[in-house]
Amino acid sequence: MMKKKILVLCTGNSCRSQIAEAYLRHFFDDKAEVYSAGVETHGVNPRAITTMKEDGIDISNHTSNHVDEYENIDFDIVITVCDNAKERCPFLPTKAKKLHQNFPDPAKATGTEEEILNEFRRVRQMIKEYCSALQIS
């Protein structure tokens with residue numbers, strides 16, 4: 001069986017798309033090749049790395065990629081994880097099934113370090129639940 005090619009798209013490819021990429025790889029490694037990208041690149045957010053490590057997944061080697069880097073890949077599924085990416089998503093000449101789920105941006109959280117990390121954890125859990133419920137077939 002051919003693995004499905006999945007692209008997770010967000011604004012800056014720093015938090016939400018990185019977390020979703022990691023969980024999709026975790027849940028569907030045998031069924032999917034997973035990529036993530038942004039309509040911009042902001043680097044991988046250190047707090048995203050920290051909160052994923054708390055859940056036993058290491059994303060410290062992930063890179064922040066621009067969607068244009070993947071223009072030659074024929075994706076089966078494209079998932080936008082923020083409204084901005086959905087609106088700004090370039091036309092991808094692909095047969096891909098398009099899915100959308102807007103998650104809050106934890107990078108915009110304010111407060112103490114603990115309050116900010118708690119927002120990252122809250123969003124991480126939302127993304128984890130979304131990814132685990134996806135039907136990849």
Side-chain angles (χ1 to χ4, degrees):
M1 183 181 91
M2 292 285 292
K3 285 187 172 188
K4 298 282 187 188
K5 289 183 175 62
I6 301 173
L7 174 64
V8 184
L9 197 57
C10 198
T11 302
N13 193 218
S14 67
C15 296
R16 295 166 286 184
S17 53
Q18 294 287 344
I19 292 169
E21 175 188 354
Y23 279 127
L24 289 169
R25 285 183 179 182
H26 176 75
F27 293 126
F28 302 109
D29 188 51
D30 58 333
K31 296 180 182 176
E33 288 178 39
V34 184
Y35 304 80
S36 70
V39 292
E40 304 165 8
T41 56
H42 297 165
V44 182
N45 187 299
R47 291 182 181 116
I49 294 169
T50 298
T51 54
M52 288 304 288
K53 202 171 279 184
E54 290 174 356
D55 201 30
I57 298 176
D58 184 5
I59 65 168
S60 62
N61 291 322
H62 280 205
T63 57
S64 184
N65 301 87
H66 192 276
V67 66
D68 290 349
E69 295 174 46
Y70 301 128
E71 65 186 7
N72 295 322
I73 298 176
D74 193 18
F75 289 102
D76 298 292
I77 302 170
V78 175
I79 304 169
T80 48
V81 292
C82 70
D83 288 342
N84 185 46
K86 182 181 182 197
E87 292 161 15
R88 292 180 55 195
C89 183
F91 172 74
L92 298 169
T94 176
K95 65 185 184 310
K97 178 178 175 183
K98 292 175 178 63
L99 304 174
H100 175 69
Q101 180 64 48
N102 186 49
F103 294 102
D105 186 355
K108 292 185 174 165
T110 59
T112 66
E113 184 62 22
E114 190 60 27
E115 290 167 335
I116 294 169
L117 283 173
N118 283 337
E119 179 63 3
F120 269 82
R121 292 176 187 120
R122 186 180 78 83
V123 173
R124 177 195 67 197
Q125 187 61 32
M126 293 168 69
I127 294 171
K128 182 178 185 176
E129 290 169 9
Y130 175 82
C131 291
S132 69
L134 278 177
Q135 300 297 313
I136 309 293
S137 55

- Query: Is a side-chain N or O of K3 found less than 3.5 angstrom from the main chain of D29, in a donor-acceptor match?
  - Reply: yes
- Check: G12 main-chain N/O paired with S64 side-chain donor or acceptor under 3.5 Å: yes
Run the side-chain hydrogen bond (donor to acceptor under 3.5 Å, both in side chains) test against [X] and tell me which residues pass, sequence neighbours left out.
X: H26; answer: none
X: E33; answer: Y35
X: N45; answer: none
X: K5; answer: none

Student check: side-chain heavy atoms of [X] and [Y] closer than 4.5 Å:
X: L134; Y: L24; answer: yes
X: T80; Y: K98; answer: no
X: D55; Y: Y23; answer: yes
X: Y130; Y: L99; answer: yes
X: K97; Y: D76; answer: no

Minimum heavy-atom distance between [X] and [Y], given as atom pair plus value:
X: A96; Y: V78; answer: CB-CG2, 3.7 Å
X: N65; Y: E69; answer: ND2-OE1, 2.9 Å
X: C82; Y: N102; answer: CA-OD1, 3.2 Å
X: S36; Y: Y70; answer: O-CE1, 3.4 Å
X: A48; Y: C15; answer: CB-CA, 4.2 Å
X: V123; Y: P106; answer: CG1-CD, 4.0 Å

Please list, chain by chain and in numerical order, all residues satisfying side chain to side chain contact (heavy atoms under 4.5 Å, CB included) with [X], sequence neighbours excluded.
X: R121; answer: T51, E54, E114, L117, N118, R124
X: T110; answer: none
X: D58; answer: K53, S60
X: Q125; answer: K128, E129

- Only one of T63, N61, I49 forms a side chain to side chain contact (heavy atoms under 4.5 Å, CB included) with V44, so which one is it? I49
- Would you mind listing every ring-ring contact (aromatic ring centres under 6.0 Å, His included) that reaches into residues 37-56, with sequence neighbours excluded? none
- Does E113 come within less than 4.0 Å of R47, counting only side-chain N to carboxylate O? yes
- Message: Less than 3.5 Å apart, any donor N or O on the side chain of N13 or T41 sitting next to an acceptor on the other?
- Response: no
Distance, nearest 0.5 Å, that separates [atom1] of [X] from [atom2] of [Y]:
X: I6; Y: I73; atom1: CD1; atom2: CD1; value: 12.5 Å
X: Q18; Y: I127; atom1: CD; atom2: CD1; value: 10.5 Å
X: I79; Y: L7; atom1: CD1; atom2: CG; value: 8.5 Å
X: I77; Y: I136; atom1: CD1; atom2: CD1; value: 4.0 Å

- Task: List, by chain and then residue number, the residues other than I116 in its hydrophobic cluster (Ile/Leu/Val/Met/Phe/Trp/Tyr, side-chain heavy atoms under 4.5 Å); write none if there are no others.
- Result: F120
- Fellow cluster residues of M2, listed by chain then number, with links counted only when side-chain atoms sit under 4.5 Å apart: none
- Query: Can you list every salt bridge (Lys or Arg N to Asp or Glu O under 4.0 Å) pair that touches residues 9-22, not counting sequence neighbours?
  - Reply: R16-D105, E21-R25
